[in-house]
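Below is one structure, written out as structure tokens, with a few remarks after it.
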Amino acid sequence: MNVEEELREAMARHVADVHAPPTLGRSVRRARRRHTIRFRTAGAALVTAAVAVTVPAVLTSNEPQQVRGNETASAVVTTKVTVPDVNGLKLDQAVKTLRAAGLQVDDVSEIPEFVTEQKPAAGEQVEPGTKVTLFSALQDLGDLGDGREFGGIRVGYVPEGLSWGNWSGKNGFGKTSYTTTFDEPNKDRFYSIQIVVYEGDAASFVENRLAEFPGQGAETVEIKGKKAYLANVSEGGEVAKVGAYTEPEGGTHTIGWKLRDGLAVEVMMSQFRVKNIGKDKIKDELVKIAEGIHPISE
């Protein structure tokens, strides 16, 4: 038996007990008279065959139509797949789960990253073999829950509409430093607010800025009675512009202060967030976030 004969037999088995509904003619014509029949072989591999069909010119009766001459009725048989929820899984685990469900996903490296988003979303009904795109990030500090406690601090206030960015890093701003972000959901993974905690010797980084930044034009404000710098910081780590907050491209609006000896914090606002809230609200939002941060031990 050749391939064409095997396909005809498979089609016959799928449509043996199916009657063409009155609307089939119209739906087939809209699909340019081509349908896809999917079925599984003994090896569970997915086989796809594009089959041209011919339908009666008019199907209007509510009764099943008789097939005459060389006219043939056809039906589409598909088996939908529910996309598994792989958010929070390590990349390699997520790939295995999706492939076991009959979906496609690109190979990934051995980097122990965690899935933060998937498209199509979990629970969607899709065709077998649909490709799922995964987005991932490191969680050096583990699962932070809502992201409000890390590095020895508690974040009391997060602007409305932002949530934990599902990632964390350590030692990227010096040894014993910790960081994470709060983001707007479904915004192509742009961060909105980033918080960096400096502990132990790393806290000297903020201490140095507290001494140097006012001379470069940073504004000095108070956070719970402690001095803080408020500045637009350039990529080179200097105050980008003297005075207010009309940023040159690439600057990051930042507030930094010491909570106590050996523990300091910086809160940074991305350009993406600046565009969303407007330049006149930068200071108020950064100060409000800073005032809500306190050591967990307090």
Side-chain angles (χ1 to χ4, degrees), residues 1 3-21 23-24 27-28 30-53 74-147 163-169 180-181 183-191:
M1 182 181 296
V3 173
E4 293 181 356
E5 289 172 335
E6 288 179 349
L7 288 174
R8 282 196 292 271
E9 278 197 10
M11 288 174 60
R13 288 196 299 271
H14 282 299
V15 302
D17 299 316
V18 179
H19 296 287
T23 58
L24 180 60
S27 65
V28 170
R30 282 199 298 270
R32 297 189 181 183
R33 301 189 179 218
R34 294 186 66 84
H35 279 269
T36 300
I37 295 179
R38 291 180 168 87
F39 59 93
R40 291 190 179 277
T41 64
L46 192 65
V47 177
T48 303
V51 181
V53 299
S74 67
V76 175
V77 180
T78 60
T79 302
K80 295 286 187 178
V81 172
T82 301
V83 179
D85 186 357
V86 296
N87 284 293
L89 295 182
K90 286 186 177 180
L91 273 176
D92 57 347
Q93 296 172 327
V95 170
K96 290 177 183 178
T97 300
L98 292 168
R99 287 177 176 169
L103 302 171
Q104 295 185 38
V105 61
D106 289 337
D107 288 326
V108 297
S109 67
E110 295 300 317
I111 297 174
E113 294 190 347
F114 292 78
V115 175
T116 60
E117 185 181 350
Q118 62 183 88
K119 293 181 180 181
E124 286 193 27
Q125 297 288 309
V126 300
E127 298 288 342
T130 296
K131 185 172 182 178
V132 179
T133 301
L134 300 177
F135 303 94
S136 64
L138 288 170
Q139 288 184 3
D140 284 341
L141 306 181
D143 186 349
L144 298 180
D146 62 4
S163 58
W164 181 46
N166 293 307
W167 81 279
S168 61
T180 192
T181 60
D183 313 335
E184 286 189 38
N186 304 316
K187 290 297 183 181
D188 295 326
R189 292 147 299 282
F190 285 107
Y191 87 94

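- When the side-chain hydrogen bond (donor to acceptor under 3.5 Å, both in side chains) test is applied to Lys96, no partner is found at least two apart in sequence or on another chain.
- Electrostatic pairing of Lys90 and Glu113 does not count as a salt bridge here, judged by no charged N lying under 4.0 Å from a carboxylate O.
- The side-chain hydrogen bond (donor to acceptor under 3.5 Å, both in side chains) search around Thr82 returns Gln125, not counting sequence neighbours.
- Of all non-hydrogen atoms in Leu141 and Ser168, the two that sit nearest each other are N-OG, 2.9 Å.
- The CG atom of Asp143 sits 8.0 Å away from the CG atom of Asn166 when rounded to the nearest 0.5 Å.
- Remark: Ala122 pairs with Asp85, Gln118 by the side chain to side chain contact (heavy atoms under 4.5 Å, CB included) rule, at least two apart or across chains.
- Residues Leu134 and Leu98 meet the side-chain proximity criterion, which asks for heavy atoms closer than 4.5 Å.
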query = Stepwise, does the side chain to side chain contact (heavy atoms under 4.5 Å, CB included) test hold for Val115 with Leu91?
reply = CA-CA 6 Å; Val115 175; Leu91 273 176; 4.0 Å; yes
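- Every side-chain hydrogen bond (donor to acceptor under 3.5 Å, both in side chains) that Thr181 has, sequence neighbours left out, goes to Trp167, Asp183.
- Applying the side chain to side chain contact (heavy atoms under 4.5 Å, CB included) rule to Asp146 yields the partners Arg148, Arg154; only residues at least two apart in sequence or on another chain are considered.
- Put simply, NZ on Lys119 and NZ on Lys131 are 14.0 Å apart, with the number rounded to the nearest 0.5 Å.
- Across Thr180 and Trp164, no two heavy atoms sit closer than the pair OG1-NE1, 2.6 Å.
- With sequence neighbours left out, the side chain to side chain contact (heavy atoms under 4.5 Å, CB included) criterion links Thr97 to Pro84, Val86, Leu89.
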